[in-house]
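Before any comments, here is the structure.
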Amino acid sequence: MDPGSDVIIETENLVYSYNQSGEGEMQALNGVSLSIVRGEFVAIIGRNGSGKSTLAKHFNALFLPTSGNVHINGMNTKDPDNLWRIRQTVGMVFQNPDNQIVSTTVEEDVAFGPENLGIPAAEIRRRVDLALKWVGMSEHVRHAPHLLSGGQKQRVAIAGVLAMKPQCIVLDEPTAMLDPSGRREVLETVKRLNEEDGITVVLITHFMSEAILGERVIVMDSGKIVMDDVPGKIFNQVELLRQLDLDVPQVTQLAHELAESGVPVARDALTIKEFINSLHGLYPSVITATYGE
Ligand code: ADP
Ligand code: MG
């Protein structure tokens, strides 16, 4: 087998400038090199303007590099012959669900992508039903999308992407405009797609509680990747994250402050469960009495 065949997204020294010809050229990406492997769940974080959305738009050839290269399954995004295969391979979900609605019923909306691919009607029907089932929206098939809640609309947008049978979904702050229950619905759906269907997920988020869902976290700043590691190793660097204007998960913050004041707890707890486990060694009888073994 080709040694690079497990890599689904690859960027090599990717540079992107807005307003390339005119005045006020703005270099939004300053040499980004990364590889994302099939089946990974990668979270991308970084302060506003760090280049996350610009990077994401290169993953399905919405943007083409000013210099450097982007390969999707080995296909160079600069080659127009690859465009449709790339768009089928990597689906995008954006922040505002209202901007992603194109039709007057949920089923037409989900069918829009596969229709554009010229897929036969019977196969589209099958894909629409399956995609809506996946995101838990089957009972809304004939409803008007604009009447749904934000979380439901985002799940319909995800179904529209799934109906194209992508290998990878890139979500650019998909929960930013949702209430907590909408956020939960969307994240559970995405997590399930990754775990049960093996779909590669790239989740751009400014919620640290979402970033820890990834098995890998990439941190961007000024158009560059500044950190790329497992969440535990990223979020225990509290001072560095603060310099980058990023939060840490609340539990990690607490563990960090306790550790700083001399309490011997593990600094890399990301969830309450991990934090409690790290306390076990310290106060075994109290913790066991309160939370069990
Ligand atoms: P993020 O998604 O991390 O907030 P973006 O990729 O949207 O960052 O933006 C990266 C940089 O590019 C920012 O400095 C932003 O101001 C600039 N930028 C984004 N979109 C445009 C545009 N359409 N024209 C000019 N500059 C832009
Ligand atoms: Mg953005």
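The basis for the numbers below is simple: all heavy atoms, side chains too, and nothing from hydrogens, waters or symmetry mates. Both ligands and their constituent atoms are indexed starting at 1 by order of listing.
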* Near the Mg ion (ligand 2) (under 2.8 Å) - protein N, O or S atoms ->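 Correct list: S53 OG.
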* Asked: What closest approach, in Å, do E239 and H256 show between heavy atoms, and which atom pair accounts for it?
  -> OE2-NE2, 3.3 Å
* Minimum heavy-atom distance between G31 and V15, given as atom pair plus value -> N-CG2, 3.6 Å
* For atom 9 (O) of ligand 1, which candidate among N48, I45, T54 provides the closest heavy atom? ->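 Comparing heavy atoms across N48, I45, T54, the nearest one to atom 9 (O) of ligand 1 lies in T54.
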* Counting heavy atoms only, name the option from S222, G49, S17, G223 that's nearest to atom 1 (P) of ligand 1. =>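 The residue whose heavy atom sits nearest atom 1 (P) of ligand 1 is G49.
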* ligand 1 N/O within reach of S50 N/O, cut-off under 3.5 Å ->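 Yes, at least one N or O pair falls under 3.5 Å.
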* G51 N/O to ligand 1 N/O under 3.5 Å ->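 In this structure, G51 places an N or O atom under 3.5 Å from an N or O of ligand 1.
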Closest protein heavy atom to [atom], given as residue, atom name and distance to 0.1 Å:
{"atom": "atom 24 (N) of ligand 1", "value": "Y18 CD2, 3.5 Å"}
{"atom": "atom 3 (O) of ligand 1", "value": "K52 NZ, 2.8 Å"}
{"atom": "atom 7 (O) of ligand 1", "value": "S53 CB, 3.8 Å"}

* **F112, CZ: over 12 other non-hydrogen atoms inside 6.0 angstrom** =>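 No, CZ of F112 has 12 or fewer neighbouring heavy atoms, counting only those of other groups under 6.0 Å.
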* Asked: Do other residues, nucleotides or ligands put more than 12 heavy atoms under 6.0 Å from K191 NZ?
  -> yes
* Asked: If you measure from the Lys or Arg side-chain nitrogens to the Asp or Glu carboxylate oxygens, is any gap between D129 and K133 under 4.0 Å?
  ->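 Salt bridge flag = no for K133 with D129.
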* Asked: Between D221 and R47, is there a side-chain N and carboxylate O pair less than 4.0 Å apart?
  -> yes
* To do: Record the part of M26 in heavy-atom contact with ligand 1 below 4.0 Å; permitted values are side chain, backbone, both and neither.
  => side chain
* To do: Give the contacting part of R47 toward ligand 1: side chain, backbone, both or neither, where contact means a heavy-atom distance below 4.0 Å.
  => backbone
* Asked: Does the protein put a heavy atom less than 4.0 Å from atom 16 (O) of ligand 1?
  ->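 Not a single protein heavy atom is under 4.0 Å away.
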